[in-house]
Amino acid sequence: MCGRITLKVVPGELAASFGLPVEPPLEPRYNIAPTEPVAAVREPAGELRRCDLLSWGLVPPWSRDPRIGAKMFNARSETVAEKPAFREAFAHRRCIVPVSGFYEWRRRGGRSEPHYFAAPGDGLLGLAGLWERWEYPGGDVLESCSVLTAPANRLMRRIHHRMPVILPEGSYERWLTTAADEVDRLTDLLVPAPDDALRTWPVSPAVNDARADGPELVEPVHDDPPDQLNLF
DNA sequence: CCAGACGTTGTT
DNA sequence: GTCTGG
DNA sequence: CCAGACGTTGTT
DNA sequence: GTCTGG
């Protein structure tokens with residue numbers, strides 16, 4: 001799965017990686033949690049590609065309460081085309097969530113150990129996403145998004161059994177612009193990333209607190225020793 | 001017909 | 001909005 | 001995802 | 001245990 005992400009870019013990097021006409025003004029973030037604003041690249045039909053901040057956690061347009069979004073920050077790629085909450089967004093409103101990396105937690109002996117995942121060379125990754133539009137009773141609009149997940153690859157499996165869908169750079173255009181009646185041809189993209197697409201290392205549990213933010217959160221810490229009973 | 005769900009993860 | 005269950 | 005609350009009345 | 005907030 002994917003429940004925390006980071007996005008730190010040098011000027012020009014986002015535009016270059018995702019083919020944006022203008023570089024969006026984004027502050028570096030090292031701990032973006034569900035319900036928070038997250039960057040999303042979209043390409044509306046006939047318009048320029050753009051990057052906006054959307055609320056992380058998709059709110060279906062028929063929802064009566066936008067707080068449902070807190071549970072909709074991931075969508076299973078295996079079922080996204082059928083699920084009532086996601087299928088319209090999958091057909092018509094796909095996006096790419098640019099990230100520098102993401103965190104996954106390994107559960108061991110009742111403890112939850114955060115690990116960071118990033119690309120070798122620290123380039124940006126493009127996560128497969130969906131977005132949706134929801135209107136408050138007063139007419140204000142909430143745009144929100146969700147990150148697709150796939151089974152873990154070999155690297156990820158040491159930590160967790162699900163992972164975000166990472167799009168190859170060459171498939172960004174196809175992911176963003178495939179017509180609704182052809183989305184069944186996108187399934188080749190909804191797979192675990194190759195093992196060499198990511199590096200990983202353990203990080204401090206300081207990241208557990210969603211209010212924490214800063215470059216120190218992605219610094220490696222020593223791996224805990226394997227579980228053992230210290231009798232003295 | 002109306003009522004109620006609509007989601008993922010992890011744990012048992 | 002649309003589907004499932006009763 | 002994890003952390004933290006989980007309640008009401010009345011007063012500031 | 002379950003929900004809300006970040």
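Numbers restart at 1 for each chain; the letters A, B, ... are given by sequence-line order, proteins then strands. For clarity, every value in this text was computed on a predicted model and none was experimentally measured.
One finds no side-chain N or O of A/Ser112 lying less than 4.0 angstrom from the OP1 or OP2 phosphate oxygen of D/dC1. For the OP1/OP2 pair of B/dG7 and a distance below 4.0 Å, the side-chain nitrogens and oxygens of A/Arg67 include no atom meeting the criterion. Contact annotation: A/Arg107 reaches the phosphate of B/dT11 (side-chain N/O to OP1 or OP2, under 4.0 Å). When the side-chain nitrogen and oxygen atoms of A/Arg76 are compared with OP1 and OP2 of B/dT9, one or more of them lie within a distance under 4.0 Å.
In this structure, CE of A/Met72 is placed 14 Å from P of D/dC1, rounded to the nearest angstrom. Counting to the nearest Å, the C1' atom of D/dA3 and the CH2 atom of A/Trp105 are 11 Å from each other. In this structure, the CG atom of A/Asn74 is 17 Å from the P atom of B/dC6, given to the nearest Å. Put simply, CG on A/Leu58 is 13 Å from C1' on B/dT8, counting in whole angstrom units. In this structure, the CE atom of A/Met163 is 16 Å from the C1' atom of D/dC1, given to the nearest Å. The nearest whole Å value for the distance from the CZ atom in A/Phe102 to the C1' atom in D/dC1 is 13 Å. To the nearest angstrom, P of B/dA5 lies 11 Å from NZ of A/Lys71. As rounded to whole Å, 4 Å separates atom P of D/dA3 from atom CG of A/Asn208.
Within 4.0 Å (heavy atoms only), A/Ser146 reaches no atom of the nucleic acid at all. Here A/Arg4 lies in heavy-atom contact (under 4.0 Å) with a base. A/Ser77 comes within 4.0 angstrom of nothing in the nucleic acid, heavy atoms only. Using a 4.0 Å heavy-atom cutoff across all strands shown, A/Thr149 reaches sugar-phosphate atoms only and no base atom. A/Arg64 comes within contact range of no nucleotide atom at all, as no heavy-atom separation falls under 4.0 Å. Among the heavy atoms of the strands, none lies under 4.0 Å from A/Pro60. Among the heavy atoms of the strands lying under 4.0 Å from A/Ala33 is at least one base atom, whether or not backbone atoms are also near. Base contact: A/Phe73 has a heavy atom under 4.0 Å from a base atom.
For the pair A/Arg42 and A/Trp131, the cation-pi test (distance below 6.0 Å, angle within 45°) is passed.
Atom CZ of A/Arg106 is separated from atom CE of A/Met156 by 12.0 Å, given to the nearest 0.5 angstrom.
Across B/dG7 and C/dG5, the matching P atoms stand 13 Å from one another, rounded to whole Å. Distance check on atom P: D/dC1 versus B/dT12 gives 15 Å, rounded to whole Å. To the nearest whole angstrom, the two P atoms, one in B/dC2 and one in D/dT8, are 34 Å apart. If you take atom P in D/dC6 and the same atom in B/dG4, they sit 28 Å apart, rounded to whole Å.
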ask   = Should A/Thr6 and A/Tyr116 be marked as a side-chain hydrogen bond (donor to acceptor under 3.5 Å, both in side chains) after you check the CA-CA gap, both sets of side-chain angles, and the distance that decides it?
value = CA-CA 9 Å; A/Thr6 70; A/Tyr116 186 60; 2.6 Å; yes

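The footprint of chain A on DNA chain E, defined by a heavy-atom cutoff below 4.0 Å, extends from E/dG5 to E/dG6.
Between A/Asp181 and A/Asp184, the closest heavy-atom pair is O-OD1, 4.2 Å.
In this entry B/dA5 has C/dT2 as its Watson-Crick or G-U wobble partner, both defining distances falling under 3.5 Å.
Looking only at atom types and distance, the side chain of A/Arg162 has a donor-acceptor partner in the side chain of A/Thr149 under 3.5 Å away.
Without hydrogens or angle criteria, A/Asp213 side chain to A/Arg29 main chain gives no donor-acceptor distance under 3.5 Å.
For A/Tyr103 and A/Phe117, the ring centers sit 6.0 Å or farther from each other.
Checking A/Glu173, A/Arg50, A/Arg94 one by one against A/Glu43, the side chain to side chain contact (heavy atoms under 4.5 Å, CB included) holds for a single residue, A/Glu173.
Between A/Trp175 and A/Phe90, the two ring planes are tilted [angle within 30° to 60°].
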